[in-house]
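These notes are about the structure you will find just below.
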Amino acid sequence: MERISKDDYYLQIAMAVSARSTCLRKHYGAVIVKDDRIVATGYNGSPRGEANCCDVGVCYCRTHELPIDETAAQHGAQYGSCVAVHAEQNALINASAQDLRGATIYLAGYDVTRDCWIEVKLCNICDRMIRNAGIARVVGRTVVR
């Protein structure tokens, strides 16, 4: 029997986490791992206590006539237009600073409108937050940093 690699194992967990996303267009999941132990997970969605797009049935960006670039490959390209907190950010705020230093973050993205898994590219804000937290490695469907 051949076992899957640790990277594939944690990527599959990130894929499962993305299923909790509340976005109507794209689902993202993040898993932070240190010393082969999951220290935090996160998915994209509205801030705690606020209405989720999936619950109200409409996309905030669309109902407020904000620009949406459906072809934008980069996660976070319309960050200022959306009320959602990114999966990476939710994972970061759920972990201790000690657990973040030297850790690896695994990312998965699913495009609901196209019904396919997509490569996750960090937005500038998440990239800076990840670097500032001391995370040593970012892994997606391909290694992104």
Only counting residues at least two apart or in another chain, list the ones meeting side chain to side chain donor-acceptor pair (under 3.5 Å) with R3.
none

From D111 atom CG to E119 atom CD, the distance as rounded to the nearest 0.5 Å:
13.5 Å

Could you tell me if the side chain of Y106 sits less than 4.5 Å from the side chain of I13, heavy atoms only?
no

Taken in chain and number order and not counting sequence neighbours, the residues that satisfy side-chain contact (heavy atoms from CB on, under 4.5 Å) with A91 are A30, I32

Nearest heavy atoms of A51 and V56, plus distance in Å:
CB-CG1, 3.9 Å

Value for CD (Q89) from CG (L92), rounded to nearest 0.5 Å, stands at 7.5 Å

For Y28 and A87, work out which heavy atoms get closest and say how close.
O-CB, 3.6 Å

Is V83 reachable from L24 through a run of hydrophobic residues whose side-chain heavy atoms are each under 4.5 Å from the next?
no

For the residue pair L100 and A95, what are the closest heavy atoms and their distance?
CD2-CB, 3.6 Å

If you round to the nearest 0.5 Å, how far is CZ of R131 from CG of L122?
9.5 Å

If we ignore hydrogens and angles and just use 3.5 Å, is the side chain of E50 paired with the main-chain N or O of P47 as donor and acceptor?
no

With T22 via side chain to side chain donor-acceptor pair (under 3.5 Å) - residues at least two apart
N52

Side-chain donor/acceptor of K34 to backbone N/O of G102, under 3.5 Å
no

If you measure from SG on C123 to CZ on R128, what distance do you get to the nearest 0.5 Å?
8.0 Å

Are the side chains of N94 and T41 in contact, using a 4.5 Å heavy-atom criterion?
no

For K26 and N44, indicate whether the former's side chain and the latter's backbone hold a donor-acceptor pair under 3.5 Å.
no

Say whether I125 and I130 are linked into one hydrophobic cluster, either directly or through other cluster members, by side-chain heavy-atom distances under 4.5 angstrom.
yes

Any residue meeting side chain to side chain donor-acceptor pair (under 3.5 Å) with D36, in chain and number order, not counting sequence neighbours
K6, Y10

Got a sec, which residues hit side chain to side chain donor-acceptor pair (under 3.5 Å) with S18, two or more places apart in sequence or on another chain?
none

Would you indicate whether the side-chain heavy atoms of V138 and D127 approach each other to under 4.5 Å?
no

Flag side-chain contact, heavy atom, 4.5 Å: R37 against D99:
yes

Those residues that, when tested against R20, pass side-chain contact (heavy atoms from CB on, under 4.5 Å) (two or more places apart)
Y43

Is I93 reachable from V39 through a run of hydrophobic residues whose side-chain heavy atoms are each under 4.5 Å from the next?
no

